[in-house]
Number of protein chains: 2
Amino acid sequence: MSPKPTMRDVARKAGLSIATVSRVINFPDEVPLDTAKNVTAAMRYLNYRPNINGRRLKMTQTSTVGVLVPTLANPVFATSVQGIEQEANANGLTVILTSSEYDPEREMGAVSTLLNNRVDGLILTLANADNNPVVDLLRAENIPFVLLFNQPSRDDVAAISVDNARSAFDVTNAMIAQGHRSLAMVAGRFESSDRSRQRYDGFCRALQDAGIETPHLVQVQFGESDLKDQLEELLCGEHAVSGLVCSTDMLAIAAISACRSHGLSVPGDVSVGGIDGISVGGLITPKLCSAVQPTQEMGQQALAFLRGLIKGQANPQSLLLPHHLSDGESIGPFRRRSST
Amino acid sequence: MSPKPTMRDVARKAGLSIATVSRVINFPDEVPLDTAKNVTAAMRYLNYRPNINGRRLKMTQTSTVGVLVPTLANPVFATSVQGIEQEANANGLTVILTSSEYDPEREMGAVSTLLNNRVDGLILTLANADNNPVVDLLRAENIPFVLLFNQPSRDDVAAISVDNARSAFDVTNAMIAQGHRSLAMVAGRFESSDRSRQRYDGFCRALQDAGIETPHLVQVQFGESDLKDQLEELLCGEHAVSGLVCSTDMLAIAAISACRSHGLSVPGDVSVGGIDGISVGGLITPKLCSAVQPTQEMGQQALAFLRGLIKGQANPQSLLLPHHLSDGESIGPFRRRSST
DNA sequence: TCTGCCAATGTAAACGTTTCAAGTCTTCAT
DNA sequence: ATGAAGACTTGAAACGTTTACATTGGCAGA
C-alpha cells in the first residue's frame, strides 16, 4: 500500500492547491460549495486523514490537555478522569493520561513528558500542592493548569476541590453526635497525599471542639492489603476505639472489612465513616456514610476551567465545591462493646 | 518571556550545528563526551524542551498509543487502563485516552481521532468485536491493534480476554452445585457489550447441562440506577428465583443491594455471583463470589502485545487468560424462602 | 474598452525535528 | 610533503500542515 495520502495528494486529485484544501478543512464556509464538495470527494476517494502532528507543529495550540492522577485504581480518580474525558471530548480536545502511582518523585517526570507534548494545559492531582516543584515549573513556564482534589494554600493557582478539612470535620462530628468519644483516623500516607493531612486536621479539630483528647492516627499505603493487621491494636487493643474516620472511601470499605475480620460488627461495635462518595459506597452493606463530593462534575469543571485559562479568559482561582454527608448506615450510636 | 527555545537555539548557544544537538539527544554515545556536555549545558541554560510534535512529524513512529474503553466509571476498565498506562510509561510511550460511553456509534469517531493523531497502535474494548466497522477499518489501514476483554470469533485479530462464556458457566455451576434450580442472569445490554452476550451463553449452557429450563434474563443499562425496580418481579414475583448470575461485578454489587432493598438476604434468600473480580468485591459483605480475571495484568499484557505488533514481531492472535472463582460468601446453599 | 473590485484560488515560507550525504580536521604511514 | 583513514561535524532537505500575501479572472460601472 502506498504511504498515507497528504494534503498535497488531495489537492492534486481535486485539481486545486493545498491551500484551498486546508481551507476546506478549517474554514468550510469561506469556500464555495462546489469546491468544498470537490475536495471532500477527493479526500474520501484517497482515504485522506489529516496529520494532526503537522498541524500541531505549525500552530501554537495543540488542542491537547495533559492529565496526571495518582492512580486509576481508586474509583475516585477514575471517575474524575471520566468527567475530564467527557468534557474534553465535547470540546474536541485530546487527553493524554499519566499517573504517578502516588509517588511524588514521578510527578515531575510525568509532567515533563506532558510538556514535551506541548499540551495546551494540564489537570493535576498532586501528592502535595504546596511547595511543589511542579507547580513552580508550570508557573514559571506560564502553562495553564488546574489542580484537582488539591487544596493549595496559595490562592494564585487554580484548584478545584471540596473542603477537605471540613469534610473530615463533618464525618467526625456525625460520630461524636452518636456518642462516640474514642475515635481514630485511618489515613493515606501524608507524604503522598495532602488531602490526607488536611482531612486529618479536620478530624482533629472536631475532636478538639468536643473536648476529646489524643486523636489516634494510622497511616496506610493505598493498596497495601492488610488493613486487618494494621488496625488490630486500634480495634481490639486495650484502648480500642469505637469509631474509625477514614480519609477515603476505599480505606473505609477496607476498614469495614477489617472490622469484620476481627469479629466486630459495623456499625454495631464500630462505626466507620469515609470521605469521597464513590458510587459503590452506596451499594454495600452497611451503606457507607461518607462526605460525598461530586467527583465526575469536578472533573468536568476542571476541564471547563482549564479551557478558560487557556483562552486567557479566566484568572486562576480556587473553587471549593460543596460536599454533603450521605445517609449511610455505617455510623451508628455508641454502644459499650459486649466483652465477648 | 521569549518564545520556547528550539534545537536551533541550543545549537547556536553551544556553537554547534543543529544536527549535532539532535544526535546528543537521540544517540548520546555516538558523540564525544565533551560535545555532549556542552550541549546539555546549553539545553539546561536555555530551558530547552524538545518539541515532540516536530519529531513526530518527521519520524514515522510517534511513540503514542490510543486507548478506547467504554467508560472509566466501571473499575474493571479503569484498572485495565491503569495496567496499560503503567506498561506504557515503562516503555516511554504516551497514552491517549478516549471512552465510548458504551455507545457503539461513538467508537468510530473516537478511533478516527486516535488515527488522526497517528498513534502507533491501539488498544480497544469494543461494544461488539464481530462485524465491527472499526475492526475492518483498522485492518484495512494496517494499523496494529489489540482488543481487550473482547473475544472476537475471527482468529486473525489480536485479543486479550478471559473465556467469557466459561466464566459465566463456572459461576452458574457454583450456584447449581449449591442446589439452586431457579436462576436468572442480570446482564448488561447485548448491543453495547458482546461480553454480556457471551456470558449469557455460558449461563445458558450451564443451565442446559443441568437440565434446567427457561433461563431468565434481565438486560440493564450500566449506570442505570434502579436495579431495585427492574429486579422486583424476578425476586418477589410468583416465580421468584433463588440465584442471580450477574454479567459484571458492578451489576452484582448493585443486585445485592437491590435484594436487600426487597428485604431479602444474600446469600440467605438469594445467591448472587459476579464476573470480573474487581477489588472492592473482596471487601464487601458478603464477600462477592466472582469469576476473577487479572484485570490489570491484562492491560499490561495488551500493551506488551501491542508493542510486539508495532515492531512487527508478533502475529495477531488471541490470548485467553485463566480466570478463577473467588471464595466469596455471596453464594450459599439453596433454601426455600421463608414466606414472610 | 477600460478601471477597479471582489471572490476564489494559488505561492511559498514557516513550524521544529531527523537524517543522509558531504564536509572538515587530525593523525599517521609513506 | 602527500595522501588515506578516521573521527567529528555540518548543510540542507524533508515531514504535513497553516497562513500572510500574491495572483487570477470576471464583471459592474464608466
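Every chain is numbered from 1, with letters handed out A, B, ... down the list of sequences. Note that this is a predicted model, so its numbers are computed, not measured.
Side-chain N/O atoms of Thr6(B) include none lying less than 4.0 angstrom from OP1 or OP2 on dG16(C). Contact check, Asn51(A) against dC15(D): no side-chain N or O comes under 4.0 Å of OP1 or OP2. A sub-4.0 Å separation between OP1 or OP2 of dT18(D) and a side-chain N or O of Ser22(A) is present. Look at Thr60(A) and you won't find any side-chain N or O under 4.0 angstrom from OP1 or OP2 of dC15(C). Proximity of Asn26(A) to the phosphate of dT18(D): a side-chain N or O atom is located under 4.0 Å from OP1 or OP2.
Residue Arg8(A) is classed as a base contact, given a heavy-atom separation below 4.0 Å to a base. Among the heavy atoms of the strands lying under 4.0 Å from Thr20(A) are primed sugar atoms or P, OP1, OP2 only; no base atom is included. Among the heavy atoms of the strands, none lies under 4.0 Å from Arg56(A). Within 4.0 Å of Ile52(A), counting heavy atoms only, lies no atom of the nucleic acid at all. Here Met7(B) lies in heavy-atom contact (under 4.0 Å) with a base.
Summarising the geometry, the separation between CE on Met43(B) and P on dT17(C) is reported as 11 Å, rounded to the nearest angstrom. Between Ile25(B) atom CD1 and dG16(C) atom C1' there is a gap of 11 Å when expressed in whole angstrom units. In this structure, Arg49(B) places its CZ atom 20 Å from P of dC15(C), rounding to the nearest Å. With rounding to whole Å, Asp34(B) atom CG is found 17 Å from dA7(D) atom P. Going from atom CZ of Arg23(B) over to atom P of dA21(C) covers 14 Å, rounded to whole Å. Rounded to whole Å, the distance from CD1 on Ile18(B) to P on dC20(C) is 15 Å. In this structure, the CZ atom of Phe27(A) is 15 Å from the P atom of dT17(D), given to the nearest Å. Atom CZ in Arg12(A) sits roughly 12 Å away from atom P in dG16(D) (whole-Å rounding).
The nearest heavy atom of DNA chain D to Met59(B) and to Pro32(B) marks one nucleotide each, and the one closer to the 5' end goes with Pro32(B).
Dense packing is recorded around CG of Asp136(B), with more than 12 heavy atoms of other residues, nucleotides or ligands lying under 6.0 Å away. Counted within 6.0 Å of CG on Asp156(A), heavy atoms from surrounding residues, nucleotides or ligands total more than 12; the atom is thus considered enclosed.
Distance from the side chain of Leu57(B) is smallest to dC15(D) among dA8(C), dG10(C), dC15(D). Which of dC15(D), dT9(C), dA12(C) sits closest to the side chain of Lys58(B) comes down to dC15(D).
For the pair Asp120(A) (side chain) and Thr62(A) (backbone), a donor-acceptor distance under 3.5 Å is present. Between the side chain of Asn132(A) and the backbone N or O of Ala129(A) there is no donor-acceptor pair closer than 3.5 Å.
Using a cutoff of 4.0 Å between basic side-chain nitrogens and carboxylate oxygens, Arg49(B) and Glu141(A) are scored as salt-bridged.
Not a single donor-acceptor contact under 3.5 angstrom links the side-chain atoms of Arg118(B) to the base of dG16(D).
A donor-acceptor contact under 3.5 angstrom links the side chains of Gln82(B) and Glu101(A), judged on distance only.
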